[in-house]
Structure formats: structure tokens, C-alpha cells
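What follows is a single structure, written as C-alpha cells, with notes after it.
Counting starts at 1 for both ligands and their atoms, in listed order.
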Amino acid sequence: MLQGIGMTSQRTRTRMVERLREKGIRSEAVLAAMAAVPRHVFVEEALASRAYEDTALPLGMGQTISQPYIVARMIELLLNGRPGIGKTLEIGAGCGYQAAVLAQLSKEVFAVERIGPLLEKAKANMRTLQQFNVRLKHADGMLGLPEAGPFDSIIVAAAGLNIPPALLSQLAPGGRLVLPVGASEQYLSLIERSPQGYTETRLDAVRFVPLLSGIQ
Ligand code: SAH
């Protein structure tokens, strides 16, 4: 019985990855990372049958688990042209899905979440998956995570009106930051830090929950 569920999950996960490929995700490393993480573990049981659809799903507390395509797209932007994503910070861990994907590509992932009960869910999910290279912290990610920086990669899962300065300063030279920016209209922004400074590239139109300050 259990094995049956496992096989169904494996087949639908393979189909999800094929769809990501069709939508334009090219990096084999990113596709393999997406294939390695069982998304059904992160969604409410009632929604488990929809876990491998390419849509955002509710995760409680008014937040959503990100759409697989967006997760893959943003991680591909982080990786692009580099051998790995290195030491990585995620802002807005929710219940930990994207953190688990990042953990397939990095030895060291730090993830912060401002809503306590979601962070507890994320911790439980990492234990279930035996994913021990993700460190989760209950904190306001607008401030980054100064005690653990600088980071080679920073990824933000909620949209602010502008780019938090703390995140720019915690980016290592050669590092990349990918985040959504805006309110009712949002776009993905890629920031690259070189020894000369920062360059910004504005990319796809997107839709994320808001980046809020403070913790709850
Ligand atoms: N990464 C998650 C997506 C969760 S939705 C996934 O893989 O599915 C985005 C999350 O960002 C929400 O849980 C929200 O509470 C959180 N968030 C918003 N503003 C934040 C902030 N300033 N610091 C930390 N987390 C924040």
C-alpha cells in the first residue's frame, strides 16, 4: 500500500519535471533537484493529490507554497554560469519546500520565516525528509541573516516594494540575489554583485505574497 503511494508520487513527480522542461527550464542540475524533493510532503493532506500540479497551493496562515515552475526558474537564475549556488539564504521559507530544493544544490542553506507556526512545520518537514543541511530561523528576513552572511546566493519568496538594503550588503562578491519586486504588479529581479558593484536585470512578471516586516 505504502509502496503504491510512493510509486504514484514518483510517476507524477517525473511528469512535473517533464512539464518544467517544456516550459523552458534547461539546467539538468535544477531539474534533478526538483525531481528529488517530494512536494506532497509539504502540502496539506487534502491537497496531496494536487501536489505535482504546476500551481501554487495554500499552506495555511494565508500563505502559499510556490509554483514549481517559479521555484525552478528562480533557482536556475541563481545558478546560471556558476558551478553551484554556494552558501544560500532563503527569505520566506513557508513550510520549507523551496528550502529543500535548494538543499539539493548546496551544502549550506539558511532559511528564515516570519510566521512561527510555519517555521515549525518547515522544521518538521526537514526532519521527515532527513534534510539536515537546512538551518531554519524565526526572523524578519528584510534584515537578512547578518550573523551567517555573506551569501553566494539569496532568494526571496515574497514581494517587497523595493530591494531590502540588508540583502544587498550580505551578498558576497560574485553572488546573486533573485527576488520579486512590486505590489499589484510585480517582476522578478536578478542582482549580481561584482567587485565593481551591483547590476540589476528585470525579468518575468510574477505574483507573490507580500514581504512584511516584523515577526508573528
Ligand atoms: N518558500 C515557500 C514559499 C512560502 S510563501 C515555498 O517553498 O513554498 C512566502 C513566505 O514568505 C510566507 O510564508 C511569508 O510568511 C514569508 N515572509 C513574508 N515576509 C517575510 C519576511 N520579512 N521575513 C521572513 N519571511 C517572510
Checklist entry - Looking at Glu44 and Lys121, does any basic side-chain N land under 4.0 Å from a carboxylate oxygen? => result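 Answer for the salt bridge query: yes.
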
Item to check | Electrostatic pair Glu22:Arg19 at N-O distance under 4.0 angstrom | outcome: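 So Glu22 does not pair with Arg19 through a salt bridge.
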
Quick one: look up the protein heavy atom nearest [atom] and list residue, atom name and how far away it is.
atom	answer
atom 16 (C) of ligand 1	Glu113 OE1, 3.3 Å
atom 11 (O) of ligand 1	Gly92 CA, 3.1 Å
atom 25 (N) of ligand 1	Arg114 N, 3.3 Å
atom 7 (O) of ligand 1	Gln98 N, 2.8 Å
atom 9 (C) of ligand 1	Ala157 O, 3.3 Å
atom 21 (C) of ligand 1	Leu212 O, 3.4 Å
atom 4 (C) of ligand 1	Thr64 O, 3.2 Å
atom 23 (N) of ligand 1	Gly141 N, 2.8 Å

Taking atom [atom1] of [X] and atom [atom2] of [Y], what is their separation to the nearest 0.5 Å?
X	Y	atom1	atom2	result
Leu57	Phe42	CG	CZ	13.0 Å
Thr201	Ile191	OG1	CD1	7.5 Å
Glu113	Met61	CD	CE	9.0 Å
Asp204	Tyr187	CG	OH	12.5 Å

Checklist entry - More than 12 heavy atoms of other residues, nucleotides or ligands under 6.0 Å from CD of Glu147: is that the case? => result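 Enclosed: over 12 neighbouring heavy atoms sit under 6.0 Å from CD of Glu147.
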
Checklist entry - Counting only heavy atoms not in Lys107, do more than 12 fall under 6.0 Å of its NZ? => result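 Not more than 12 within 6.0 Å, no.
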
Run the numbers for me: atoms of ligand 1, each under 4.0 Å from some heavy atom of [X], listed by number.
X	result
Ile115	15 (O)
Tyr97	7 (O)
Val209	5 (S), 9 (C)
Leu118	13 (O)
Glu90	1 (N)
Met142	22 (N)
Ala139	23 (N), 24 (C)
Ile65	8 (O)

Structural part of [X] in contact with ligand 1, heavy atom criterion under 4.0 angstrom:
X	result
Pro210	backbone
Ala99	neither
Gln63	side chain
Leu211	both
Met61	neither
Ala158	side chain
Val71	neither

Checklist entry - Is Tyr198 reachable from Leu78 through a run of I, L, V, M, F, W or Y residues, each pair having side-chain heavy atoms under 4.5 Å apart? => result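 Leu78 and Tyr198: separate clusters.
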
Checklist entry - Does Ser213 have a non-hydrogen atom less than 4.0 Å from ligand 1? => result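 No, Ser213 has no heavy atom closer than 4.0 Å to ligand 1.
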
Checklist entry - Measuring from the heavy atoms of Gly214, does anything fall under 4.0 Å of ligand 1? => result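 False for this residue.
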
Next on the checklist: Could you report the tightest heavy-atom contact between Glu53 and Arg39, atom names first, then the distance?
Outcome noted: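 Residues Glu53 and Arg39, closest heavy atoms: O-NH1, 3.4 Å.
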
Item to check | Sole residue of Asp152, Val109, Ile154 in side chain to side chain contact (heavy atoms under 4.5 Å, CB included) with Lys87 | outcome: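 Filter result, single survivor: Asp152.
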
Checklist entry - Judged by modelled atom types alone, do Ser153 and Arg82 share a side-chain donor-acceptor pair under 3.5 Å? => result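 A pair is found: one side chain offers a donor N or O, the other an acceptor, under 3.5 Å apart.
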
Checklist entry - Can you tell me if Glu200 and Ser189 form a side-chain donor-acceptor pair at under 3.5 Å? => result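 Yes, Ser189 and Glu200 have a side-chain donor paired with an acceptor closer than 3.5 Å.
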
Next on the checklist: I'd like to know whether Leu77 forms a side chain to side chain contact (heavy atoms under 4.5 Å, CB included) with Leu203, so could you lay out the CA-CA distance, the side-chain angles of the two residues, the decisive distance to 0.1 Å, and finally the verdict.
Outcome noted: CA-CA 10 Å; Leu77 288 168; Leu203 299 153; 3.7 Å; yes

Checklist entry - Counting distance only, does the side-chain N/O of Thr88 pair as donor-acceptor with the main-chain N or O of Gly86 below 3.5 Å? => result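 At least one qualifying donor-acceptor pair exists.
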
